[in-house]
Structures are given as C-alpha cells and as structure tokens.
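Worksheet: the structure to be examined is printed underneath.
Index from 1, following the sequence.
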Amino acid sequence: MLEKFARILTRRYGIVLAVAVLLLIPSAVGAAGTRVNYDILSYLPQDMDSSRGERVLEDTFHNAATTMLVVEGMPERYVADLREKIERVEGVSSAVWIDQILDLSVPKEILPEDIKNIFYSEDSTMLIIQYDLPGASEETMRAIDEVRALCNTQCFLSGFSVIIRDTCALSDQEMPIYVLAAVILSMLAMAVTTEAWVLPVVLILGIGFAIAFNLGTNIFLGEISYVTQAIAAILQLGVTMDYSIFLIHRYIEEKPKFPDRRDAMASAIVSAFVSLSGSSMTTIAGFLALCFMQLLLGRDIGIVMAKGVVLGVLTVVMVLPALVLQFDKAIQRWRHRSIIPDFTRVNRFIVRHYRAFVALFLLLLAPAYYAQSHVAQYYNLADSLPDTLPSIIALDKMKTQFNMASTHFIIVSDELPAYRQTQLLEEIEKVDGIESVIGYNKFVGPAIPDSFVPQEIRDICKKDGKQMIMVNSAYKPALDEENAQIDALTAIVKSYDPEAMITGEGAMTKDLIETASVDFQVTNAISIAAILLIVGLCFRSVSVPIILVAAIELSIFINIGISYLTGAVIPFISPTVIGCIQLGATVDYAILMTTRFREELRAGVGKQEAIAIAANAADSAIITSSLVLFCATFGVSAISKIEIIQSICLMLARGALVSALVSIFILPSVLLASEGLIAKTSKDWRNAPVKKEKRRGGRSKGPQKGSAAPTGA
C-alpha cells in the first residue's frame with residue numbers, strides 16, 4: 001500500500017506541488033485567525049487563589065487590569081482633564097485620582113498623610129486606571145494605546161498590562177527578523193555540509209510548507225502564547241530538517257538502482273516513512289512531556305511542536321519529494337565538496353583511548369548535575385525585557401518616586417463589619433514593605449453610610465457582596481521579600497475571611513515559582529521515561545536506552561550548567577523546556593551511532609572496528625543535524641531583545657552542539673566498554689532477527705533503520 005502511494009506521488013509530483021501551494025491559503029487564514037496570548041501568568045492553574053481572584057476582578061469589579069499613570073511637573077487642572085479624557089476611552093472602567101475625593105481648590109497639604117502619599121510624590125502625581133477586560137485582551141491593548149495617545153512626554157504609564165502591550169509590540173517587530181535569520185543561517189550550514197548549492201533552498205522550501213501548515217492548524221487551539229509563536233517556526237525548522245536530509249540521502253542511495261529517478265524517489269519515500277515514523281517518536285515524546293506541566297504554557301508549546309513534528313514528517317514524505325524531482329537537474333548541476341572533515345583519525349584515537357573517555361563521562365556526571373541544579377533563575381517577567389521599553393521606564397518611575405514596585409489586590413467579603421474592615425486595613429499597613437493601602441474605609445470611613453457615597457465611588461471598591469483592597473508594595477515580584485510579604489498578607493486576610501483571595505502580579509508570580517519547581521521534576525521524569533521506553537522497544541534492549549539517555553542527559557546537565565558557571569540568570573521556563581526538547585531532539589544522534597554500531601556487529605566485524613566504522617559513518621550526519629539546529633536557534637538568541645526567547649534559543653543552540661560533541665567523543669567509548677553488557681541485555685544484538693526477515697519474503701533488509709536518527713543515511 002505504501003509503495004503504491006509513493007509511486008502515485010512521484011508520478012504526479014506536479015499535482016502534489018499544486019495542492020501543497022493551495023493549502024497555504026487556508027494555512028495563512030488559520031495563522032491570522034489564531035490569537036496570541038502575551039500574558040504568561042494566565043497559564044497558571046485556574047484553581048489557585050491568585051487565578052480565582054483575577055476572575056473576580058474581571059467578572060465582578062470589571063478591572064482585571066490595572067495600570068498606574070505617573071504625571072511629572074504638570075498643573076493639577078491638566079491632570080484632572082486628562083483623567084476625564086481617560087475615563088471616556090473605550091475599555092477603561094475607571095480612572096481614579098484625588099479630584100474625585102477632594103475639590104482641587106482645597107490645598108493638598110490638608111489631606112491625611114497616607115492618602116496624600118498615594119497620589120503625590122514631590123512634583124509628580126499618580127492616577128490609577130482600571131480596565132473592563134483582562135490585561136492581555138485585545139480591547140485592553142487598544143485602550144492602553146489610546147491612553148498613551150492622550151498623554152504628553154511627562155506621562156509614564158506602568159503596570160503589568162502595559163508590559164504585556166510592549167512585549168506584544170516588540171515580539172511582532174522581531175518575529176520576521178527571527179525567521180529570516182534562521183533561514184539564512186540554516187541554509188549556510190547546509191550549503192557547507194552538503195554537496196549541492198541548490199539543495200538547501202529546496203530543503204528550506206519543504207520545511208517552509210510544514211511550518212506554514214503547523215501555524216495554520218493552530219487555529220483549532222484558539223490561541224497560543226507569544227513564546228510558542230516566537231520559537232515554533234524556528235524550532236520546527238531545527239528539529240525536523242533532519243528528516244529532509246535523511247530523505248535526500250536515501251534518494252541518492254536509491255538512484256543508481258533504478259533507471260527512472262521517480263522510482264528511486266518512490267523507494268526512498270518508503271524507506272524514509274518507516275524510518276522517520278520511528279525516529280520522530282522520541283522528539284514527539286519530548287514535546288508531549290511538556291503537556292504534563294501544571295503551568296499550561298507547557299501544554300501550549302508541547303501540542304504545537306508535537307503537531308509540527310508530525311506535519312514535518314508528512315511533508316517530508318509527500319511534498320519534499322515533489323520539490324526534489326522538480327529541481328533535480330539544478331541540484332545535480334551545482335555541486336561542490338562538503339567541508340566536513342574526515343574523522344577517521346579522530347575516531348581511531350577515541351577507540352584506542354576509550355577507557356579515558358569512559359572515565360571522563362563518569363567524572364563529568366556529578367559536577368554537571370550539581371551545576372545545572374544550582375543555576376540561578378528569575379520569575380519576574382519584567383526582567384526579561386529591555387530597560388528602554390516605555391513600560392519598564394515607567395515601572396522605574398513608580399519604584400523611585402512612589403516606592404511602588406508591585407500591587408496586590410485583596411478580595412474579601414463585604415459582610416465584614418466596618419470596624420473589622422478598619423482593623424484589617426491597619427494590620428495590612430503594618431506588614432513589612434507595604435507602602436500604601438487603598439480601601440473603601442480608607443477614603444470614606446466607617447461612620448459614613450454607603451447611601452451617602454456616590455455609586456461610582458462605591459463600585460470601585462465594593463460590589464456584589466465583595467470588597468477589593470489595593471495594596472502597593474515596595475518589593476518587586478518574585479523576590480523572597482515579596483513572597484514572604486504575600487504569605488504574611490494571606491495569613492492576615494484569611495484570619496478575617498477564610499474565603500479571601502490575594503491576586504495581582506506578585507501573588508501570581510509566587511504561584512508561578514511554586515508551580516514551576518514541580519513542573520521541572522515531573523516533565524523531565526516523564527520525558528525520560530517515555531524515551532527510555534521508545535528506545536528500549538526500538539532496540540529490544542534494557543541497557544541501550546539507559547546508556548543513550550544517560551549520554552544525552554549529561555549533555556543537558558552540561559548545557560544548563562554552563563549558565564551556572566558563567567553566572568547567568570535564566571528564565572524559569574528554560575530548564576524545563578530544554579530538558580524535554582534537547583533530550584527528545586538530540587537523542588537521535590545517539591540512536592544513529594548505536595544503530596550503525598549494531599549493524600557492523602551483525603556483519604561480523606569486531607567491536608572495536610565496528611564502533612570506529614559506526615563513528616566514521618555517523619559523524620557527518622550528526623554534525624550536519626546539530627549545525628542546522630544550532631544555526632536556526634542561535635540567530636534568534638543573538639537578535640532577540642526578549643530574554644525568555646533569547647535564553648531558550650541560546651540554550652537550544654548550545655545544547656545541539658553539546659549533544660553532538662558527547663555523541664561523537666564520549667558515546668562511542670561508552671558503547672564499546674558496555675558492548676558485552678548490551679549483548680546480554682538485548683535481543684538479537686549481534687545477530688539479525690531471521691524470523692522477521694522470512695516474514696518479509698526472505699530478503700535481507702540489513703539493520704533496523706527505523707530506529708536510527710533521520711540524518712543517518
């Protein structure tokens with residue numbers, strides 16, 4: 001059936017290309033219709049108090065997003081007029097300033113000190129702006145743009161929603177440059193490691209179809225995160241280009257066997273599909289492991305990238321053959337020598353000194369593990385953005401002028417007696433690092449009946465049986481001081497109202513820290529277990545998967561540990577993503593080496609000679625594969641100004657090289673030293689399975705290349 005399908009594809013490759021091009025239209029529509037979410041905190045588990053509190057702010061108070069506007073050196077009348085204009089902006093629920101509490105003709109000096117400190121600092125004043133919809137919604141983004149348009153250069157808009165808006169603008173600005181850099185650098189890598197100048201262009205076109213199809217089908221998810229959007233195309237290019245190279249190598253091998261190149265391609269498609277469907281499973285498993293994160297950002301990346309690998313395999317066996325046949329003459333005409341050196345002498349040296357390399361492997365494990373487990377991480381998303389962004393400049397103004405680095409929102413029952421509410425506010429004010437507290441009783445006082453207070457003032461703080469208290473903190477989110485402060489606040493408010501909730505950037509970031517620490521352990525355990533199972537079934541061995549996964553895990557430890565040794569502080573998401581993706585994507589290097597080693601042993605070659613031959617055959621494929629992944633991701637890390645994207649791509653680029661080095665220099669020695677153990681714990685390790693060959697009609701197929709990495713032609 002597969003052979004018949006492959007023959008049809010190669011006989012109608014013009015139609016295949018036409019259909020592929022037509023499918024780009026719905027793909028473009030789907031990509032344009034997929035919403036991008038720039039709020040990572042929205043991916044927290046929805047049953048947490050901070051997430052539940054956000055929903056209350058949105059559904060009850062209609063102010064799930066709050067920003068602060070600092071105005072420097074402007075007359076009070078200008079500020080009052082500005083506040084009125086801001087309140088008329090569509091999407092703004094309220095703009096709070098002192099003129100709603102006190103007539104501007106009254107000197108501000110008579111205000112109570114704590115209220116005056118909320119709104120004034122030397123020659124600056126602050127407005128509190130609240131929005132109808134969540135901070136990452138398109139409506140709030142448009143409202144923020146309109147608010148900014150109303151302001152002059154002496155106005156500075158701050159808050160988490162504003163940071164999201166600037167992140168959105170910066171990401172959209174950088175995206176085309178990411179893709180262009182990845183394409184150019186990947187083409188250069190392939191141009192110097194393959195033997196044809198035109199071939200890299202054809203391979204990029206093939207992967208381009210797969211990327212377009214993947215981005216288009218994201219519409220079924222409704223939305224994806226901006227992190228996923230930024231790295232999806234780059235990562236898909238890096239991890240699935242191997243499959244394209246594998247098909248090309250098989251096609252070159254098959255051409256001398258057939259008088260018609262279309263038959264040669266049909267044979268290559270059959271071999272490639274069987275091999276790629278097996279080898280891609282490790283990469284898919286690595287991505288799907290991310291779906292088990294409590295932080296739903298992992299599921300977002302995992303689903304999109306696992307889908308991308310599947311579409312990459314399908315595109316390689318359906319669209320790429322048509323492209324190759326279409327441009328075959330140009331590919332053959334413009335050829336050159338590959339620059340990859342001959343590793344024969346290097347591999348002989350490794351084989352002669354394999355005990356030293358095994359010792360190096362064992363010696364590196366402990367310090368590499370220690371380094372990666374002690375790398376410094378940050379969780380404050382503002383730290384991932386350039387200091388020159390308007391929102392970050394405004395955040396610094398809030399810190400220096402009002403000593404406000406973050407804002408907590410406390411939701412309590414409005415059934416609390418007035419005197420208890422006053423006591424609660426007093427206790428909150430005594431917590432270390434609290435700069436100001438804005439609550440209903442703070443402005444109105446417990447002695448004034450609600451009926452005397454205008455409805456618009458009441459709705460800001462009290463609604464539907466709930467009361468909101470806004471607490472300004474001197475501590476930045478994610479700091480130990482802020483987390484301790486939130487713990488203290490939680491203890492206080494829960495003693496007054498067990499159903500009370502604390503939300504805001506600080507509380508949600510604290511939950512993020514606790515969630516991420518569990519996610520790292522869970523996802524890595526799942527990815528390791530899944531890949532152990534896949535490799536074990538592939539080789540029908542107990543020991544081989546342990547050896548291969550151990551080699552790549554060492555690569556991961558070294559990769560993350562380099563950040564520790566250089567003193568770098570990395571985003572919290574990086575170790576989790578790297579642990580799963582590097583394992584899934586680069587374990588193929590080790591599989592390729594091991595498959596060729598087994599092939600030579602089955603041919604009757606001695607184990608030392610077998611590993612040398614395997615290394616000579618696999619090294620060029622490993623180098624080509626790792627260089628493509630390196631180039632696709634390194635360009636992004638060099639260009640991006642968003643630290644989360646920069647860090648993930650840098651570590652992926654570095655991880656590709658480290659995995660390649662371990663697979664080339666250390667793994668052969670470990671395989672050689674362990675060959676006796678492998679033979680005892682594996683089925684048909686040194687002898688091909690005769691029964692399986694008979695069921696295939698008695699023809700010898702050689703080694704099971706379905707277990708090899710896609711570059712292993």
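Taking CG from Leu297 and OG1 from Thr228, the interatomic distance works out to 5.5 Å, rounded to the nearest 0.5 Å. With rounding to the nearest 0.5 Å, the separation of OG1 in Thr240 from CG in Leu311 is 10.0 Å. Residue Cys155 holds its SG atom at 4.0 Å from CG of Asn152, rounded to the nearest 0.5 Å.
Considering only heavy atoms from C-beta on, Thr633 stays 4.5 Å or farther from Leu650 through its side chain. Between Ile86 and Leu150, some side-chain heavy-atom pair lies under the 4.5 Å cut-off. Within the 4.5 Å cutoff, the side chain of Arg165 has no heavy atoms near those of the Ser161 side chain. Inter-residue side-chain proximity for Ile434 and Gln485 is flagged as met; some heavy-atom pair is nearer than 4.5 Å. Here the side chains of Glu90 and Glu139 are not in contact, with every heavy-atom distance at 4.5 Å or above.
Looking at Ser406 and Glu482, their side chains do bring a donor and an acceptor atom within 3.5 Å of each other.
Applying the side-chain hydrogen bond (donor to acceptor under 3.5 Å, both in side chains) test to pairs two or more places apart or on separate chains, those with a residue in residues 25-35 are Arg35-Glu223.
When Thr167, Val227, Leu385, Ile570 are each tested for a side-chain contact (heavy atoms from CB on, under 4.5 Å) with Ile644, only one passes: Val227. Among the candidates Leu157, Asp166, Ile164, the single residue satisfying the side-chain contact (heavy atoms from CB on, under 4.5 Å) test with Ile144 is Leu157.
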